[in-house]
Amino acid sequence: MLLFKLDGEPYLVSEGRQLAASCSHPRVMAATAPVRAPALRRLAHHLLAHYQKGTRPVRDWRTTTNVALDLMVYAILSVDEKNQVLTTYIWYRQHWTDEFLKWDPAHFDNLTEISLPVESIWVPDILINEFVDVGKSPHIPYVYVSHHGEVQNLKPIQVMTACSLDIYNFPFDVQNCSLTFTSWLHHIRDINLSLWRQPELVKFDRSVFMNQGEWELLYVLSRFREFSVKSSDSYAEMKFYVVIRRRPLFYTVSLLLPSIFLMVMDIVGFYLPPHSGERVSFKITLLLGYSVFLIIVSDTLPATAVGTPLIGIYFVVCMALLVISLTETILIVRLVHKQDLQPHVPEWVKHLLLEKATILLCIRDRKKFSQSRTPSLDTSRQVENHDSTGKGCTERTCGNRSSLGALQSSTPTQPFFGSAALQEVLRETTAIRQLLEKREEFRDVAREWLQVGYVLDILLFRVYLAAVLAYSITLGTLWSVWRDA
């Protein structure tokens with residue numbers, strides 16, 4: 001019994017909050033009326049008052065707790081090729097039945113669902129096997145519980161997982177990274193895993209994916225597997241395969257197109273005259289520019305310790321082709337310059353390059369290349385060296401010799417004063433003739449080597465062009481297949 005005063009008058013109240021029979025004051029009736037707590041508080045107190053979160057929530061220990069999982073990819077944050085780490089942001093959902101969190105909605109204002117603190121109930125120890133670091137995930141402190149005991153744990157997770165990244169096809173690569181969910185401690189008799197939704201719905205679900213980044217989400221595959229470790233109890237695992245593809249437009253514009261333009265300019269450089277020194281300086285400039293380009297793009301290429309992307313091999317081969325082109329140009333320039341100290345072109349070289357190669361290369365003026373000597377040179381060859389006997393002399397020199405002999409025989413006793421001057425003139429004329437013959441011979445040698453240089457330049461250019469085209473077509477086909485795969 002409780003005795004209290006109201007307006008100076010004493011009143012007696014029982015434990016059931018009812019007044020004594022002698023009390024009929026209306027204010028006393030209002031003050032002592034029972035106050036009912038909100039349904040949410042009463043339900044939370046009803047569920048958690050005697051709840052034990054340290055044990056699995058089943059009444060029969062032989063009952064298996066089935067945990068249904070679901071996953072939706074929200075964003076691909078980063079792909080670290082060097083450390084082989086994939087960082088994703090996912091929406092993760094768990095669903096299981098707690099036999100100790102059931103109630104009758106009729107007793108709690110038809111309340112069928114309530115949110116409870118996650119620290120106050122039992123939660124399965126589901127982890128991701130590929131975890132390498134704790135991400136910056138927001139903390140969600142509550143779970144939803146229905147009156148049937150079904151618990152829904154919904155939370156976003158920033159996942160940093162190890163992934164075997166294959167960058168050989170960069171920038172047209174497709175990566176397949178797995179997220180393996182399993183209970184770290186409980187075997188399959190205690191906790192079993194299943195998929196919340198149908199696999200087809202999970203596979204092509206892009207409803208929440210942010211599709212504006214470098215990576216494009218292709219699909220998410222799911223697979224259940226039961227495994228055991230060293231003949232121990234079996235464990236259940238649910239594996240999700242996140243398949244993503246890189247968008248190659250940025251790398252195509254910034255890496256491939258500049259390299260292609262430089263290679264095209266190198267091919268165009270073959271149309272410069274081989275006997276001019278401008279071709280050498282032009283190709284050296286291209287080689288230097290390509291070296292600077294590789295230094296600039298080296299930070300853009302992915303770096304790993306286990307492999308090199310095909311585009312890196314492509315750059316190296318392009319550099320090698322530029323070096324080969326420069327070497328070929330130096331060789332041709334060497335052939336068409338400084339021929340004064342060179343002998344005549346060997347006959348087998350003339351036969352192969354000036355006759356056979358011109359037919360093979362479909363050179364229109366091959367008749368001009370097949371003629372190794374010109375008429376002017378053949379005419380000059382008819383002039384022979386002057387000797388003291390007069391044999392083989394020309395008409396002009398022989399006429400001078402006969403006139404000199406006639407003068408000497410007609411006046412043997414009188415000295416011919418003009419004979420010494422005439423002989424000096426003849427010697428000078430012979431020296432001039434020999435110099436002209438030698439110069440014409442040098443011109444003949446230079447003309448022969450120039451013809452060989454032109455034919456060899458065309459041959460090497462077409463071989464170089466065929467190699468570049470074959471290499472480009474092969475890479476283009478491979479990248480097209482990988483892009484459309």
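Quick note: residue numbers are just sequence positions, from 1.
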To the closest 0.5 Å, what do you measure between [atom1] ([X]) and [atom2] ([Y])?
X: Thr97; Y: Glu150; atom1: OG1; atom2: CD; value: 5.0 Å
X: Ile126; Y: Thr180; atom1: CD1; atom2: OG1; value: 12.0 Å
X: Tyr471; Y: Ile313; atom1: OH; atom2: CD1; value: 7.5 Å
X: Glu278; Y: Thr285; atom1: CD; atom2: OG1; value: 9.5 Å
X: Arg93; Y: Gln152; atom1: CZ; atom2: CD; value: 7.5 Å
X: Leu287; Y: Cys318; atom1: CG; atom2: SG; value: 12.0 Å

TODO: For the residue pair Phe181 and Phe240, categorise the inter-ring angle as parallel (less than 30°), tilted (30 to 60°) or perpendicular (more than 60°).
DONE: perpendicular
- [ ] Among Leu475, Val297, Leu255, Asn169, find the one that has a side-chain contact (heavy atoms from CB on, under 4.5 Å) with Ile311.
- [x]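 One option only clears the test, and that one is Leu255.
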Task: Derivation and outcome, side-chain contact (heavy atoms from CB on, under 4.5 Å), residues Val151 and His95 - done: CA-CA 6 Å; Val151 183; His95 176 276; over 6 Å; no
TODO: Run the ring-centre check on Phe172 versus Tyr251 and record whether the distance is less than 6.0 Å.
DONE: no
Open item on the list: Ring centroids only, cut at 6.0 angstrom: are Phe209 and Tyr74 within range, meaning strictly under it?
Closed with: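 No, ring centres 6.0 Å or more apart.
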- [ ] Might you work through the salt bridge (charged side-chain N to carboxylate O under 4.0 Å, His left out) test for Asp457 and Arg279, ending with a clear yes or no?
- [x] CA-CA 12 Å; Asp457 180 62; Arg279 183 191 285 190; 2.6 Å; yes
Check [X] against [Y] and note the closest heavy-atom contact, atom names and distance.
X: Gln94; Y: Trp196; result: O-CZ3, 3.8 Å
X: Pro309; Y: Ile167; result: CB-O, 3.1 Å
X: Ile295; Y: Ser298; result: O-OG, 2.8 Å
X: Glu130; Y: Ser178; result: OE2-OG, 3.1 Å
X: Thr65; Y: Trp96; result: CG2-CB, 4.3 Å
X: Leu86; Y: Ser78; result: CD1-O, 3.7 Å

TODO: Give the intermediate values and the outcome of side-chain contact (heavy atoms from CB on, under 4.5 Å) for residues Asn153 and Val123.
DONE: CA-CA 9 Å; Asn153 186 11; Val123 178; 4.3 Å; yes
Verify the distance criterion only: is there a donor paired with an acceptor across the side chains of [X] and [Y] at less than 3.5 Å?
X: Gln158; Y: Thr87; answer: no
X: Tyr464; Y: Asp266; answer: yes
X: Ser325; Y: Lys283; answer: yes
X: Tyr235; Y: Glu237; answer: no

Just by distance, do the side chain of [X] and the backbone of [Y] share a donor-acceptor pair under 3.5 Å?
X: Arg225; Y: Ala236; answer: no
X: Gln175; Y: Asp166; answer: yes
X: Thr64; Y: Arg189; answer: yes
X: Asp233; Y: Ile188; answer: no
X: Gln84; Y: Glu81; answer: yes
X: Asn83; Y: Val85; answer: no
X: Lys53; Y: Glu119; answer: yes
X: Ser259; Y: Leu256; answer: no
X: Arg246; Y: Trp215; answer: no
X: Arg206; Y: Leu218; answer: yes

With the side chain counted from C-beta on, respond yes when [X] and [Y] share a heavy-atom pair under 4.5 Å apart, and no when they do not.
X: Leu165; Y: Asp173; result: no
X: Thr182; Y: Phe227; result: yes
X: Val174; Y: Val243; result: yes
X: Pro138; Y: Pro156; result: yes
X: Phe170; Y: Leu301; result: yes
X: Leu286; Y: Leu262; result: yes

- [ ] Would you sort out whether Phe282 and Leu272 count as a side-chain contact (heavy atoms from CB on, under 4.5 Å), showing the intermediate values?
- [x] CA-CA 9 Å; Phe282 178 75; Leu272 291 174; 4.2 Å; yes
Task: Test side-chain contact (heavy atoms from CB on, under 4.5 Å) applied to Val220 and Leu217, step by step - done: CA-CA 8 Å; Val220 179; Leu217 177 64; 4.1 Å; yes
Open item on the list: Quick test of your reading of the model: are Arg197 and Asp205 salt-bridged, counting only N-O distances below 4.0 Å?
Closed with: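 Yes.
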Task: Cation-pi geometry met for Lys203 and Tyr219 (6.0 Å, 45°) - done: yes
TODO: Return the set of residues passing ring pair (Phe, Tyr, Trp, His ring centres under 6.0 Å) with Phe461 (not counting sequence neighbours), or none when no residue passes.
DONE: Phe270, Tyr271
TODO: Tell me, yes or no, whether the heavy-atom count around Tyr144 atom OH, taken from other residues, nucleotides or ligands under 6.0 Å, exceeds 12.
DONE: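 Open.
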Open item on the list: Can you tell me if Gln198 has over 12 outside heavy atoms packed within less than 6.0 Å of its CD?
Closed with: no
Open item on the list: Checking Glu226 against Lys239 for the salt bridge (charged side-chain N to carboxylate O under 4.0 Å, His left out) test, could you report, in this order, the C-alpha distance in whole Å, the side-chain angles of both residues, the deciding distance, and whether it holds?
Closed with: CA-CA 11 Å; Glu226 181 180 344; Lys239 181 169 289 189; over 6 Å; no
